[in-house]
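Positions are given from 1, in the same order as the sequence printed here.
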Amino acid sequence: MKKMDYLKKYIISSYVLIWALIIFVAGSASLIFHAPPVMMWIVRNLCAWSPTYLLLVGWKKFRPEETRSAFVKRCFSGKIKPVLLLFSFALVAGISILSLIILSIWEGRPVQSYINFGTIPLPLSLFMSFTSGPTGEELGWRGFMREEFDKKYTFLKSSICQGLVWCFWHALLWAVDSSFTDWRAIPYIISNIVVITSITVLMNIFLERHNNLLYSVMLHFGFNVIYVFLEADILFFIILTALYLIITPIAVWIRNRTAPYEKKVSEGS
């Protein structure tokens, strides 16, 4: 079986699993058992870990020539630089905050008016945000999937493919977990496609130089944590999309200018 066959099997399986979990587990918890908000958050976190469940439980179906332990060690083998780790978080969190600042200037409202800390204690909210997608998805997406796409495609094409897979993996949530059900659904979906794909590119720039998933975990967390407290209309997502369309090409240009010579040669061949 060809390498890409393993990748396709993993992607299809991940889509089937998340859709089943959302419909039967999260749906039942909400519609039948009327679970309280904290319990629903726990259920969503359990669903978010599905790429990792799938990968580790079905490991022999996706990477039979390697052991799980060797794979996991490689995913976290790169050197950790605390300043760079902090920067990875601040980069995407900063883009979201900048979007809020632009929105507040445009609408003449204070930035804090778009933030609602809710009734759940702040430490618990931060913990729940960190233990959802940031820690639950990265082993599958930026671990297994990135390696498989990188074997076939150049950096940018591989990153875009990964981003699109990751993006549409969330597609069912756009319908069941979004307040944008009218015309705003169109710019919201476009924003998801652009932003999630752009974040994948940024993640891979970090991972290319420092092969440690903690960097992508922090990028993921920096993106997610803002949305735990965000109360903003579609204009925020339009501004966010525009910023990522500016910042991501700049990051790729810097990456290309500073990439090792041998990597430039291999990608140009």
message: Parallel, tilted or perpendicular, judged at 30° and 60°: which one describes the rings of Phe71 and Phe144?
response: perpendicular
query: Judged by atom type as modelled, is there a donor-acceptor pair below 3.5 Å linking the side chain of Tyr15 to the main-chain atoms of Val165?
result: yes
- line: Exactly one of Ile193, Val195, Ile199 clears side chain to side chain contact (heavy atoms under 4.5 Å, CB included) with Cys167, and that residue is Ile193
- prompt: Around Phe229, counting heavy atoms of other residues, nucleotides and ligands shown, do more than 12 lie under 6.0 Å from its CZ?
  reply: yes
field: Ile97 side, atom CD1; Ser104 side, atom OG - distance, nearest 0.5 Å
entry: 12.0 Å
query: Does Arg146 reach the main-chain N or O of Asn204 with its side chain, forming a donor-acceptor pair under 3.5 Å?
result: no
query: Hey, what do you get for CG (Leu85) to NE2 (His210), rounding to the nearest 0.5 Å?
result: 10.5 Å
message: If I compare all heavy atoms of Arg184 with all of Ile234, which pair ends up nearest, and what's the gap?
response: O-CD1, 3.5 Å
query: Should we say atom CD1 of Ile186 is surrounded by more than 12 heavy atoms from elsewhere, each under 6.0 Å from it?
result: no
- request: Kindly compute the distance separating OH (Tyr10) from CE (Met145), expressed to the nearest 0.5 Å.
  value: 7.5 Å
query: What do you reckon, are the aromatic ring centroids of Trp166 and His220 less than 6.0 Å apart?
result: yes
- prompt: Would you say Thr197's side chain and Val194's backbone share a donor-acceptor pair under 3.5 angstrom?
  reply: no
task: Count the heavy atoms belonging to other residues, nucleotides or ligands that lie under 6.0 Å from NZ of Lys73, then report whether that count exceeds 12.
output: no
- prompt: Can you find a pair of side-chain heavy atoms, one from Ser96 and one from Leu240, that are under 4.5 Å apart?
  reply: yes
- prompt: Quick check: does any side chain N or O of Ser99 sit under 3.5 Å from a backbone N or O of Ile95, one acting as donor and the other as acceptor?
  reply: yes
message: Within the 3.5 Å criterion, strictly below it, is a donor on Arg209 or Thr258 matched to an acceptor on the partner's side chain?
response: yes
task: Please confirm whether the backbone N or O of Gly136 pairs with a side-chain atom of Thr52, one donor and one acceptor, at under 3.5 Å?
output: yes
task: Using atom types as modelled and distance alone, determine if a side-chain donor or acceptor of Trp41 lies under 3.5 Å from a backbone N or O of Asn45.
output: no
Beyond-backbone contact of Ile101 with Trp106, side-chain heavy atoms, under 4.5 angstrom: no
task: Measure across Lys61 and Lys9 and return the closest heavy-atom pair with its distance rounded to 0.1 Å.
output: O-CD, 3.9 Å
Rounded distance (nearest 0.5 Å) linking atom OG of Ser216 with atom CG of Asn211: 9.5 Å
- request: Could you tell me which non-hydrogen atom of Cys75 sits nearest to which non-hydrogen atom of Gly143, and how far apart they are?
  value: SG-CA, 3.9 Å
- request: On the 0 to 90° scale, with breaks at 30° and 60°, tag the Phe206-Phe87 ring pair as parallel, tilted or perpendicular.
  value: tilted
field: Short side-chain donor-acceptor distance under 3.5 Å, Glu107 and Tyr114
entry: yes
message: Looking only at side-chain N and O atoms, does Asn224 offer a donor or acceptor that is under 3.5 Å from a partner on Ser129?
response: no
query: At what distance, to the nearest 0.5 angstrom, does CD1 of Ile238 lie from CD1 of Ile190?
result: 9.0 Å
message: When you measure from the side chain of Thr241 to the backbone of Phe237, do you find a donor-acceptor pair of N or O atoms at a distance under 3.5 Å?
response: yes
field: Check: Glu137/Trp49 side-chain N/O donor and acceptor closer than 3.5 Å
entry: no
message: Given 3.5 Å as the limit, does a donor-acceptor pair link the side chain of Tyr53 with the main chain of Leu46, or not?
response: yes
message: Check the orientation of Phe223 and Tyr227. Use parallel for under 30°, tilted for 30 to 60°, and perpendicular for over 60°.
response: tilted
task: Report the distance from atom CG of Leu7 to atom NZ of Lys151, rounding to the nearest 0.5 Å.
output: 9.5 Å
query: Within 45° of the axis and under 6.0 Å from the centre of the six-membered ring of Phe155, does NZ or CZ of Arg255 qualify?
result: yes
message: Other residues, nucleotides and ligands only: do more than 12 of their heavy atoms fall within 6.0 Å of CZ on Phe24?
response: no
- request: Please check if the side chain of Trp59 supplies one atom and the backbone of Glu66 the other of a donor-acceptor pair under 3.5 Å.
  value: yes
- request: Please answer whether the main-chain N or O of Val25 pairs with a side-chain N or O of Ser28 as donor and acceptor at a distance below 3.5 Å.
  value: no
query: Taking 4.0 angstrom as the limit, do Glu147 and Arg142 come out as a salt bridge?
result: no
